[in-house]
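Below is one structure; the comments refer to it alone.
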Protein chains: 2
Amino acid sequence: MNKVKQAPLTTTKAQALDLGRHYLQTLGYNAFSFQLIADELGIKKASLHYHFASKEDLGLALIADYEAAYIESVEKMKDLSALQKLTRMTRIFCRMSQDQKKLCPLGVLAVDFNTVPAKMQKRLLDFHKIQQNWLITTLKQGLKEKSLKKDLDLNFTADLILAAIQGGLLMARVRGESATLENMLEKLIKDIKR
Amino acid sequence: MNKVKQAPLTTTKAQALDLGRHYLQTLGYNAFSFQLIADELGIKKASLHYHFASKEDLGLALIADYEAAYIESVEKMKDLSALQKLTRMTRIFCRMSQDQKKLCPLGVLAVDFNTVPAKMQKRLLDFHKIQQNWLITTLKQGLKEKSLKKDLDLNFTADLILAAIQGGLLMARVRGESATLENMLEKLIKDIKR
DNA sequence: TTGATTCTACCTACCGATAGGTAGATAATA
DNA sequence: TATTATCTACCTATCGGTAGGTAGAATCAA
């Protein structure tokens, strides 16, 4: 008797965000449009502006969305060993690449950085710092667990992993294959194991 | 008496290419326009189409231009040791980042890959393979010269260096500093030294 | 319970700006 | 005179964004 109205499985706004992320990851920020998303949803572009007042709005929502997903998946790993965490984390990006050679939204927006509103630039930097800090913390955990080489340079290693992921995603797209990325990240972790 | 007409120091076409590369590296492929370049040159957009019939034309020229510069600088290094080559090569990208946090044209076009004509996609792959092969060859040279660790995985190391460069450039832009990239590439080379 | 009101989520129709690109005239040069 | 390099003027398509309207669901008051 209560809850007569069944809520839609996914709202238009949520679907729009999904499509937005898809097009951001495949086409880049400047090559995807409200029109593209609206067409895919079967609604009018103006209706999309009801949910996202501006492209900046949508862009900020996409970053927030991706960040929330990242934080959630990191949260899920909190009881794992450092090595397990690192492996799972890299697997996220391998799957991303396997899925139509998509790129990390952060990497895409880094390329489009200079064409994006200042507020988005700030969010990007904040998010990047979160990723960096998580990696450093996880590497520290690995040192404590004695699963990583004890003379590891934490900052360097964290940056190298982040760069390898972003660069590897680019290379996977150009080559049209994700295997190299998977091998690279796998070996990279093996190299820091003691 | 011969050569009455002094050739312009740089032709309009060459200047357009320089500006095109500049905007490609700072804004991405889809955010720079003929208008932008024409304005900067002080000519009309239509006049630019005299030199480059289409944006694809300009894009192909930019790739060819960058490739030529790459090959030339590689040619200049041909008598150096492997370690010197690697150091000089990474320095090219460090300077790129120092110069207004520019990205590698290849990395930019990898992000815009799906929005770019097939002919450009092919050239990108070709060029990428050239870079990869050069790195592998140089690493082999390093093995012969006994300056690199003898158990080095050549393909992995070459890919890692390429990825670290592309990813590092992205990170440098988001962070607004190039120091990390320089440190990263320096340490990466140190790590493969024996 | 009914009627008025407000809210949600869409619509049509349009705006100015800019994109890539073309036709054809014109000026300067060899 | 033929070629090169530029111009003016225009095209169509699309961009992000807005104005104003509407059907239907939800909320609130009598």
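Just so it is clear: chains get the letters A, B, ... in the order the sequence lines come, proteins before strands, and each one is counted from 1. Everything quoted here is computed from the prediction, not taken from an experiment.
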Counting only heavy atoms and a strict 4.0 angstrom limit, can you tell me which residues of residues 38-52 of chain A come near DNA chain D? A:Lys45, A:Ala46, A:His49
Rounding to the nearest 10°, end axes of the helix from C:dT1-D:dA30 to C:dA30-D:dT1 built from five pairs each make an angle of 10°
Check for me whether [X] meets the cation-pi criterion with [Y], that is, NZ or CZ under 6.0 Å from the six-membered ring centre and within 45 degrees of the ring axis.
{"X": "A:Lys13", "Y": "A:Tyr50", "value": "no"}
{"X": "B:Lys55", "Y": "B:Phe32", "value": "yes"}
{"X": "A:Lys122", "Y": "A:Phe127", "value": "no"}

Interatomic distance where [atom1] belongs to [X] and [atom2] belongs to [N] [whole Å]:
{"X": "A:Ile37", "N": "D:dC15", "atom1": "CD1", "atom2": "P", "answer": "11 Å"}
{"X": "B:Asp57", "N": "C:dG20", "atom1": "CG", "atom2": "P", "answer": "14 Å"}
{"X": "A:Phe34", "N": "D:dG16", "atom1": "CZ", "atom2": "C1'", "answer": "8 Å"}
{"X": "B:Gln35", "N": "C:dG20", "atom1": "CD", "atom2": "C1'", "answer": "11 Å"}
{"X": "B:Asn30", "N": "C:dT18", "atom1": "CG", "atom2": "P", "answer": "17 Å"}

Can you confirm whether more than 12 heavy atoms, excluding those of B:Arg123, are under 6.0 Å from its CZ atom? no
Pair B:Asp99 + B:Lys102, salt bridge at N-O below 4.0 Å: yes
Once the angle between the rings of B:Phe34 and B:His49 is folded into 0 to 90°, is it parallel (under 30°), tilted (30 to 60°) or perpendicular (over 60°)? parallel
Taking all non-hydrogen atoms of both residues, which atom of B:Gly20 and which atom of B:Leu62 are closest, and how far apart? C-CD2, 3.8 Å
Quick one: is C:dA19 close enough that its OP1 or OP2 comes under 4.0 Å of any side-chain N or O from B:Ser33? yes
Please determine whether a side-chain nitrogen or oxygen atom of B:Thr12 lies at a distance below 4.0 Å from atom OP1 or OP2 of D:dA5. no
So, using side-chain hydrogen bond (donor to acceptor under 3.5 Å, both in side chains) as the criterion, who are the partners of B:Thr26 when residues are at least two apart? none
